[in-house]
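These notes concern the structure reproduced below.
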Amino acid sequence: MPPVEPQGKLDQFFLLSQDLFCCIDFAGTLLSINPTFESLLGYQAEALLGRPCGVVVEPRDHPVIEAALARVCRGEKINAFDICALAVDGRRVWLEVSASAGEQVIYVIARDISRRKAVEMQLRRNQRLFRIAGETAHIGGWYMDLAVGLPIWSEEVCRLHDMPVGHQPTLEEAIAFYTPSSRSRIQAVFTNCCEKGISFDEELEIITQQGRRRWVRVIGRAVRDELGKIIQAQGSTQDITERKDTERQLALLERSVESSTNGVVIVDAQRPDLPIVYVNAAFERITGYSREAALGRNCRFLQGIDTDPATQVQLRKGIKEQRDVHVVIRNYRRNGAPFWNDLYISPVRDEAGVVTHFIGAQNDITAQREYQAQLSHNANHDALTGLPNRLLLDQRLAQGCLLARRYQRYLAVLFIDLDDFKPINDTLGHEVGDYILLEVAKRLEEELRPWDTVARFGGDEFIVLLPDLAHEDDVLQVVERLLTRVSAPYWYRSNELRITASIGIATNDGTIQTPRQLIQQADLAMYKAKRRGRNTFQWYTDELNRKVTERVNLRHALQQAIEQEQFELHYQPQIHHSGRVAGVEALIRWYHPERGNIPPGQFIPLAEDTGQIIPISEWVMETACRDAVVLNAESATPITMAINVSPMQFQRPGFLDSVKQVLARSGLPPALLELELTEGVLMDSAEHAIQVLQALRQLGVHIALDDFGTGFSSLSYLKRLPINKLKVDRSFVGDVAVDSRDAAIVEGVVTMADKLGLEVLIEGVETAEQFHFLHTQQCDHFQGYYFARPMALSALKAYLKTPLVVAASQESPTSL
């Protein structure tokens, strides 16, 4: 196609335009180009006309040209687009192209935007570099236009806060990321920046969205317009957590070294004569030389004429060989006083393994050697009172027994324990307690002969040895003096204090084979004195030893009984006033394989003292509930199972849950379980006990108050207790038919219970006369030998199958 010549008004624009101008046909063939086209790209018109326009376009942009040409051919209007043109010399020229269709041709105008593209490319490169730098150094940028009031965060700032990239918080949200201790600071400096233009550079702590704590360095400055008005605050946020951790570790290391009790010295191994470059406070304290006086000097200035030459050689050889060395060397303080230095020296190497420094750790062991000299004394004496301790006591006890045996004399051992000493420590403090112990030790020593021994046995316990006594009774004079002297007033800071002691006495004429057994005997006697009211003394006797031994043996046997399940339950019927059996009480029995039947009154109190009552009670509860299910399955009327609950079991955490679990395992309805508790359960924590009782009642379990009238018997608590039944103790029943006072008590209890809506069960009914009287008082339930003794489960089943008619006029229950 021949070149198209621009005509008319277009001629001048075509020739003079500073933009590239060309005409192409609808196939994309170049028809004409203007001089700017030729000069910018370096092509001659003859070389381009008649060729496709794509010859001057970089190949990767050909699809862009083709797409634009197709749209023009369809008569669509196209927006300006960017392409990269290729000059004759190989240069790339970026062009912004606009095109429009004429009748036969397409007019194309292209503007050179290479500079703009270069700026954009540089901007993108800078942004990429900034992003890389931000990600590498954990530095992000932010700004806030004051007119808008919303912070703008960079990607890195978002990441630092564990927020998604692009998140833009409110100012309040941004401030809220800082910890409470940092929040007021960032608020203050940011406000000063926005209002007064004061720049800030702060290191503060934030809590990220994921709850992680990070330390950040926040830098901010104000941006002003041409009139000086603050229009923006901008700055950067950098993650300095790692640096902070390092600083903390270094600070900790420095504090550790500074607070170490060992002297630390660092010398420069790269400089002649190994000058000191650091010493810590302990070095100053040990040697007496200040830091300034020691720096720059060689460590040998601490040595003297008496320093062992062999030790010096060993020390210098280790340094020369650049290895660890340990010596004990005699050094001298600044005041000339010698001290023994336990010295460890180690080389410090750099990354290349070159020794740059030596570090020495010195320990003044002069005091240690003095301490070792006192070990013999301390090993045999109490640290607080200075009295002989157990070790020296054993030696003197053996000597006393030997003298008693050799000269037919007596040796007395007094075991002295201060009464209620623990409350003094707990209320007045250990300082007062120590004062009392010191004073007691002093008074005891003052009342004894020079050859007697008083030792501190431990805590507030003292042992007195009285050797060489002519008669056993001679000890009484000493004991009485000691009791009087110990109980005299103690004055501590103008305050009068009082304390007494309990003393156990054991004596020997030299025949005892094991001297230490005397201390055990005196200890047993002392506990007997405690039980007798304290501030007194008791002699050791064989009977006392027998009782203690029996108690220890019984406890061991009781543990075996628990582990081997030597117990069984007997059940005593509880009779309703109508004559039917309304319930049974579970009573534990223990048949020992060797001792036979052991009464509950003998082993239950021991179990309460030792805590063995807990497994026993759990076994009773489990067994009784299981047997109750069997009894009710064979009975036409419901039978309640009454189980005694010990105060320790009741007050134990989880008691309520254990009852629920037993009921669930056994299948016994809660209404058929009756728990019998004494009033002692209220002694320690009445409010807690009432809450547990209320929970049991809500569960459906019945509650009976056992032994009513013999214990706590607080009517103020009785009106609050959620109980079903009162069990009148047997002590009021024995003479109820002949003693008007017992009768009045029972009548009063029955009347009170009726007013309170409680049932009454009378225990210990053994005669027809008792039953006749009680029956006339409208009592609800009866229990006692008059009706039946406790019996095994098999016997109880037979008993229940024999109907009873209880008549008040008969001598005994009659079977029908």
Side-chain angles (χ1 to χ4, degrees), residues 371 374-375 377-394 396-397 413-448 452-465 478-506 516 519-538 540 548 608-611 647-648 651-653 680 683-686 688:
Y371 173 77
Q374 297 177 357
L375 280 181
H377 176 83
N378 294 341
N380 293 287
H381 293 79
D382 175 58
L384 175 64
T385 62
L387 296 177
N389 59 14
R390 294 189 182 193
L391 183 62
L392 185 55
L393 174 65
D394 287 340
R396 295 189 179 179
L397 180 60
V413 175
L414 311 182
F415 197 112
I416 304 174
D417 185 89
L418 302 183
D419 299 326
D420 294 325
F421 177 75
K422 187 176 184 300
I424 293 179
N425 270 338
D426 294 343
T427 59
L428 302 180
H430 289 277
E431 182 180 353
V432 178
D434 290 347
Y435 168 78
I436 293 292
L437 293 174
L438 286 168
E439 282 296 307
V440 169
K442 178 181 177 181
R443 295 184 184 188
L444 293 177
E445 284 187 305
E446 290 175 351
E447 294 298 328
L448 299 178
D452 295 333
T453 297
V454 55
R456 186 184 179 195
F457 197 65
D460 58 340
E461 299 172 338
F462 297 86
I463 299 290
V464 171
L465 302 183
V478 180
V479 169
E480 290 174 353
R481 290 202 313 269
L482 295 180
L483 288 174
T484 302
R485 189 69 189 280
V486 170
S487 61
Y490 296 82
W491 294 93
Y492 181 79
R493 297 180 179 177
S494 302
N495 294 318
E496 180 181 354
L497 301 174
R498 294 274 186 170
I499 197 167
T500 59
S502 298
I503 302 179
I505 307 172
R516 194 171 180 82
I519 296 179
Q520 298 173 356
Q521 295 174 354
D523 190 10
L524 293 177
M526 182 273 296
Y527 277 106
K528 184 178 179 181
K530 290 277 189 185
R531 292 192 295 270
R532 291 294 178 87
R534 307 186 179 189
N535 193 26
T536 186
F537 65 89
Q538 288 293 327
Y540 169 80
V548 172
E608 290 279 4
D609 291 342
T610 62
M648 180 179 294
Q651 294 162 1
R652 191 178 181 89
M683 294 298 291
D684 292 334
S685 179
H688 172 72

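Both backbone and side-chain heavy atoms feed into the values below; hydrogens, waters and symmetry mates do not.
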(request) Walk me through it: do T453 and I463 pass the test side-chain contact (heavy atoms from CB on, under 4.5 Å)? (result) CA-CA 8 Å; T453 297; I463 299 290; over 6 Å; no
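- Ionic pairing of K422 and D460 is not present here: no N-O contact between side-chain nitrogen and carboxylate oxygen is shorter than 4.0 angstrom.
- Under the 4.5 Å side-chain criterion, counting only non-hydrogen atoms from C-beta, L448 is in contact with V464.
- Here the closest heavy-atom approach between residue A506 and residue A522 is recorded as CB-N, 3.7 Å.
- Checking side-chain atoms of R456 against main-chain N and O of G459 turns up a donor-acceptor pair under 3.5 Å.
- We find the OG-CZ distance between S502 and R532 to be 12.0 Å, quoted to the nearest 0.5 Å.
- Within 6.0 Å of the CZ atom in R652, the count of heavy atoms belonging to other residues, nucleotides or ligands does not exceed 12.
- Within the 4.5 Å cutoff, the side chain of E496 has heavy atoms near those of the R498 side chain.
- A salt bridge is absent between D394 and R390: the closest approach of a Lys/Arg side-chain nitrogen to an acidic carboxylate oxygen does not fall below 4.0 angstrom.
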Donor-acceptor contacts, no H, no angles, side chain residues 427-437, under 3.5 Å, sequence neighbours left out:
residue : atom : partner : partner atom : Å
T427    : OG1  : P423    : O            : 2.5
E431    : OE2  : Y492    : OH           : 2.8
E431    : OE2  : R493    : NH2          : 3.0
Y435    : OH   : W491    : O            : 2.6

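- The only option from D382, I519, L387, I416 that meets the side-chain contact (heavy atoms from CB on, under 4.5 Å) definition with F457 turns out to be I519.
- Side-chain contact check for L397 versus L465: some heavy-atom pair is nearer than 4.5 Å.
- Side-chain contact check for D420 versus R534: some heavy-atom pair is nearer than 4.5 Å.
- Of the inter-residue distances, the one linking Y540 atom OH with L524 atom CG reads 6.5 Å to the nearest 0.5 angstrom.
- For the pair E446/R485, a side-chain contact is recorded, criterion being any heavy-atom separation below 4.5 Å from C-beta on.
- Remark: R443 qualifies as a cation-pi partner of Y490 under the 6.0 Å distance and 45° angle criteria applied to the six-membered ring.
- Across N535, T536, T500, a single residue satisfies side chain to side chain donor-acceptor pair (under 3.5 Å) together with D419, and that is T500.
- Here F462 contributes atom CZ and I503 contributes atom CD1; the two are 11.5 Å apart, rounded to the nearest 0.5 Å.
- Atoms OG and CG, from S487 and L418 in turn, are 11.5 Å apart once rounded to the nearest 0.5 Å.
- Note that CG of L393 is 11.5 Å distant from NE2 of H381, once rounded to the nearest 0.5 Å.
- Atoms CD and CZ, from Q520 and F415 in turn, are 10.5 Å apart once rounded to the nearest 0.5 Å.
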(request) Might you work through the side-chain contact (heavy atoms from CB on, under 4.5 Å) test for V479 and L414, ending with a clear yes or no? (result) CA-CA 8 Å; V479 169; L414 311 182; 3.9 Å; yes
